[in-house]
Amino acid sequence: MTSIKSTAAEMAAALSEGSVTSVELTKAHFDHIDEVDPAVHAFLYLDKEGALAQAAEVDAKRQKGEALAPLAGVPLALKDVMVQKGIPTTCGSKMLEGWRPPYDSTVVTKLKNAGVVILGKTNMDEFAMGSSTENSAYGPTHNPWDLTRIPGGSGGGSAAALAAFEAPLAIGTDTGGSIRQPAAVTGTVGVKPTYGGVSRYGLIAFSSSLDQAGPCARTVLDAALLHEVIAGHDEKDSTSINAPVPQVVKAAKRLDVKGMKIGVVKELQGDGFQAGVLSRFHEALDLLVDAGAELVEVSCPTFDYALAAYYLIAPSECSSNLARFDSMRYGIRVGDNGERSAEEVMKLTRHEGFGPEVKRRIILGTYALSSGYYDAYYGSAQKVRTLLMRDFNAAFAKADVLVSPTAPTTAFKIGEQVNDPLAMYLNDIATIPVNMAGIGGMSLPCGLAPEDGLPVGFQIMSAAMKDDLMYQVGGALEAALVSKWGGSILDKAPVLAAN
Amino acid sequence: MAAISRDDVAHLAKLARIDMSEAELDHLAQEMDVILGAVARVQEVAASDVPPTSHPIPVHNVVREDVVLPSLTPQEALSGAPAQAEDRFKVPQILGEE
């Protein structure tokens with residue numbers, strides 16, 4: 001019997017054997033969303049009509065015996081950074097309030113072609129800048145484990161939707177950890193594929209050399225199934241990799257790590273990491289050893305500089321990318337009284353349309369790119385990027401995958417770090433190096449921290465286009481953990497009910 | 001590296017075409033000083049013999065066949081426009097008086 005708590009793979013099996021229809025499954029999810037989302041606020045927009053029509057179409061095709069993709073009829077939540085034709089897309093910003101994109105992103109096209117039912121758009125930090133979803137212009141999302149805490153960011157809406165059983169699958173995007181850190185603090189699975197593995201066409205750009213869309217789910221296998229739907233070369237994205245998609249579903253099902261070398265990154269487990277995060281991380285390492293893997297310590301000395309380099313490169317690219325929000329062609333326009341010049345209207349609109357974090361990063365990026373400071377800041381950061389890639393290359397020569405805790409702490413309280421940008425940036429200390437080098441990264445839950453009972457994330461990193469290796473290790477570790485716990489970690493999450 | 005002043009921030013805001021209130025400028029100048037202090041440490045390891053990386057995966061010019069593909073209709077392209085007239089984007093004046 002399938003329910004909203006089933007995995008996507010179980011839902012797909014129930015749909016294909018005919019024990020449930022996609023319309024029934026979709027309605028069940030909307031009913032649950034209506035019940036719990038007033039408290040969680042994972043969604044910014046629900047497309048009930050469109051989703052039910054899509055579900056009915058899949059059901060009709062199935063009834064006619066047409067061949068369907070593996071996830072056909074399974075519902076999904078879409079991060080609001082990804083454009084979907086005709087559906088309000090805000091990117092968490094007032095700047096795009098009311099905008100309905102005239103085209104589909106490649107990810108959405110692939111989801112539609114695979115019959116995946118898109119329930120609606122999920123909340124996020126404005127333009128994907130943040131680690132808590134508190135920077136959304138539409139109010140924060142609440143962590144289903146404790147509604148007074150953050151769900152991570154920027155993709156807190158997608159992660160919270162999974163943890164609250166509002167959807168079995170979600171799409172996230174990850175520029176410095178925005179898929180993996182929310183997964184870590186909500187007890188869910190999130191994967192940042194190799195840069196270029198999933199098309200960026202229709203993904204509203206924040207930092208183009210770092211942005212990467214990826215799958216979010218409640219299990220490693222579900223993430224792999226979604227990964228194979230959205231990945232692949234796209235002519236519409238010139239940075240898309242023209243090579244076969246790694247066989248991640250097969251890898252997730254292997255459940256075998258015998259003889260694999262797991263590189264434990266020395267620099268990502270010391271100061272600043274919560275004790276309970278480290279203890280659960282080390283227990284997970286023991287399970288990998290029990291399963292026949294070999295641990296090797298690797299050192300990546302430049303990681304200590306990754307955060308600093310990221311906060312120059314990402315704002316620099318953002319200051320350029322967000323120049324497109326000029327109030328001329330789409331988005332809001334403020335102060336156009338027939339007297340003011342285009343430039344004055346532009347300045348008023350950007351004052352009104354952007355929130356504090358976005359302004360902070362645009363100003364920082366404008367500074368880092370300005371003549372006289374370019375070499376010292378942006379230029380130096382690009383060199384650090386080279387050094388980070390050398391560190392990774394050396395580490396991958398010793399190990400098949402690298403591992404670390406995903407985030408230094410469990411979920412913190414809403415409002416706790418909002419006035420301290422530097423403290424907020426530290427949440428991404430373990431996830432950022434992956435984006436800087438363009439490699440793959442996954443977070444999966446490895447337990448609850450003893451001191452606060454909140455989920456801890458385990459990060460697995462794999463070399464570029466070796467995404468299958470992180471799925472292989474992730475799948476095996478998850479199986480060992482679930483067998484130890486006697487069930488999914490989300491079984492321990494509080495039950496949310498309508499108030 | 002020299003500390004960043006409130007006037008510097010005002011100039012950057014002008015370059016970035018963002019109107020800022022006095023309070024915003026004061027606040028941001030303080031924050032920028034702290035953030036720049038933290039990120040400036042990239043200079044410690046950025047030796048002159050290290051080449052810069054702008055992109056993680058080597059890609060070269062990507063071109064496609066020069067053929068006409070379906071694109072947005074004028075109505076679709078203008079569907080999000082704040083103002084439009086005669087199938088065009090309507091914008092405030094871009095040139096001042098002579």
Side-chain angles (χ1 to χ4, degrees), chain A residues 99-103 194-196 209 235 238-239 241 302 305 308-309 311-312 319 323 326-333 336 338 340-348 350-351 354 359-360 362-364 366-367 370 376-377 379-387 389 421-422 436-439 464, chain B residues 1-2 4 8-9 11-21 24 27-28 31-32 34-57 59 61-64 71-73 75-83 89-96:
Chain A
W99 182 55
R100 290 175 186 256
Y103 71 106
T194 296
Y195 180 86
S209 78
E235 285 187 350
S238 62
T239 60
I241 292 175
T302 317
Y305 296 88
Y311 278 98
L312 288 164
S319 71
D326 57 9
S327 78
M328 299 297 139
R329 295 152 299 153
Y330 56 95
I332 62 166
R333 180 182 289 180
D336 184 10
R340 290 193 180 100
S341 70
E343 188 174 327
E344 286 168 327
V345 170
M346 207 180 286
K347 286 164 82 169
L348 288 171
R350 288 162 68 83
H351 167 81
F354 290 142
K359 287 178 186 165
R360 195 179 290 134
I362 290 175
I363 296 299
L364 180 57
T366 305
Y367 180 77
S370 58
Y377 288 105
S380 297
Q382 286 186 306
K383 289 181 174 188
V384 170
R385 202 165 181 182
T386 305
L387 296 172
M389 293 173 80
L422 283 180
M436 296 289 272
I439 64 169
Chain B
M1 197 56 58
I4 188 162
D8 292 334
V9 175
H11 179 63
L12 292 166
K14 186 167 172 272
L15 290 176
R17 305 288 188 271
I18 303 175
D19 234 27
M20 283 203 189
S21 67
E24 272 182 301
H27 190 60
L28 204 51
E31 282 182 339
M32 286 290 291
V34 176
I35 295 171
L36 282 172
V39 297
R41 60 193 302 264
V42 291
Q43 293 154 20
E44 293 169 20
V45 286
S48 57
D49 60 342
V50 179
T53 295
S54 60
H55 198 274
I57 308 289
V59 280
N61 286 342
V62 177
V63 295
R64 64 166 173 85
S71 58
L72 299 180
T73 63
Q75 288 74 27
E76 285 170 332
L78 290 164
S79 62
F89 294 102
K90 189 177 173 192
V91 303
Q93 55 164 328
I94 55 167
L95 299 173

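Sequence lines set the chain letters: A, B, ... in the order given, protein chains first and strands last, and positions in each chain run from 1.
- Of all the listed residues (A:Met436, A:Arg360, A:Met346, A:Glu235), the one sharing the greatest number of non-hydrogen pairs under 4.5 Å with chain B is A:Arg360.
- Only the side chain of A:Ile241 comes within less than 4.5 Å of a heavy atom in chain B; its backbone stays farther off.
- With a 4.5 angstrom heavy-atom cutoff, A:Ser327 touches chain B only via backbone atoms.
- In terms of non-hydrogen atom pairs under 4.5 Å with chain A, the most contact-rich of B:Met20, B:Glu44, B:Met32, B:Gln75 is B:Met32.
- Proximity to chain B (any heavy atom under 4.5 Å) is restricted, for A:Leu422, to the side chain, taken from C-beta onward.
- Heavy atoms of A:Met389 lying under 4.5 Å from chain B belong exclusively to its side chain.
- Looking at A:Arg350, its side chain does come within 3.5 Å of a backbone N or O of B:Ala16 through a donor-acceptor pair.
- Comparing A:Ile362, A:Leu312, A:Ile332 by how many heavy-atom pairs each has under 4.5 Å with chain B, the most go to A:Leu312.
- Here the NZ atom belonging to B:Lys14 is positioned 13.0 Å from the OG1 atom belonging to A:Thr366, to the nearest 0.5 angstrom.
- A:Arg333 places a side-chain heavy atom less than 4.5 Å from the side chain of B:Pro92.
- The two residues B:Ile57 and A:Gly438 have their closest heavy-atom pair at CD1-O, 3.9 Å.
- Residue B:Arg41 touches chain A through both its backbone and its side chain, counting heavy-atom pairs closer than 4.5 Å.
- Contact of A:Ala437 with chain B is made through the backbone alone, with heavy-atom distances under 4.5 Å.
- The choice from A:Arg340, A:Glu344, A:Glu343 that makes the most heavy-atom pairs within less than 4.5 Å of chain B is A:Glu343.
- Among the candidates B:Leu72, B:Val50, B:Val62, B:Ile35, the residue making the largest number of heavy-atom pairs closer than 4.5 Å to chain A is B:Val50.
- For the pair A:Arg329 and B:Phe89, the minimum side-chain heavy-atom distance is below 4.5 Å.
- Here B:Thr53 is the residue among B:Ile18, B:Val63, B:Thr53, B:Leu12 with the most heavy-atom pairs under 4.5 Å with chain A.
- Atom CG of A:Leu364 is separated from atom CG of B:Leu28 by 9.0 Å, given to the nearest 0.5 angstrom.
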Could you walk me through whether B:Asp8 and A:Tyr367 pass the side-chain contact (heavy atoms from CB on, under 4.5 Å) test, one step at a time?
CA-CA 9 Å; B:Asp8 292 334; A:Tyr367 180 77; 5.7 Å; no
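- Both the backbone and the side chain of A:Ile363 come within contact range of chain B, with heavy atoms under 4.5 Å apart.
- Shortest non-hydrogen contact noted between B:Val42 and A:Tyr305 is CG1-O, 4.3 Å.
- The minimum heavy-atom distance linking B:Ala38 with A:Ala308 is given by the pair O-CB, 4.0 Å.
- Between chain A and the residues B:Ser79, B:Ala77, B:Pro51, B:Ala83, the most heavy-atom pairs under 4.5 angstrom are made by B:Pro51.
- Minimum interatomic distance between A:Tyr330 and B:Pro82 (heavy atoms only, all atoms of both residues): N-CD, 3.9 Å.
- B:Gln43 CD to A:Lys383 NZ: the interatomic distance, rounded to the nearest 0.5 Å, is 10.5 Å.
- Within the 4.5 angstrom heavy-atom criterion, no atom of A:Ser319 approaches chain B.
- Within 6.0 Å of the NE2 atom in A:His351, the count of heavy atoms belonging to other residues, nucleotides or ligands exceeds 12.
- With respect to chain A, the highest number of heavy-atom pairs below 4.5 Å among B:Lys90, B:His55, B:Glu76 belongs to B:His55.
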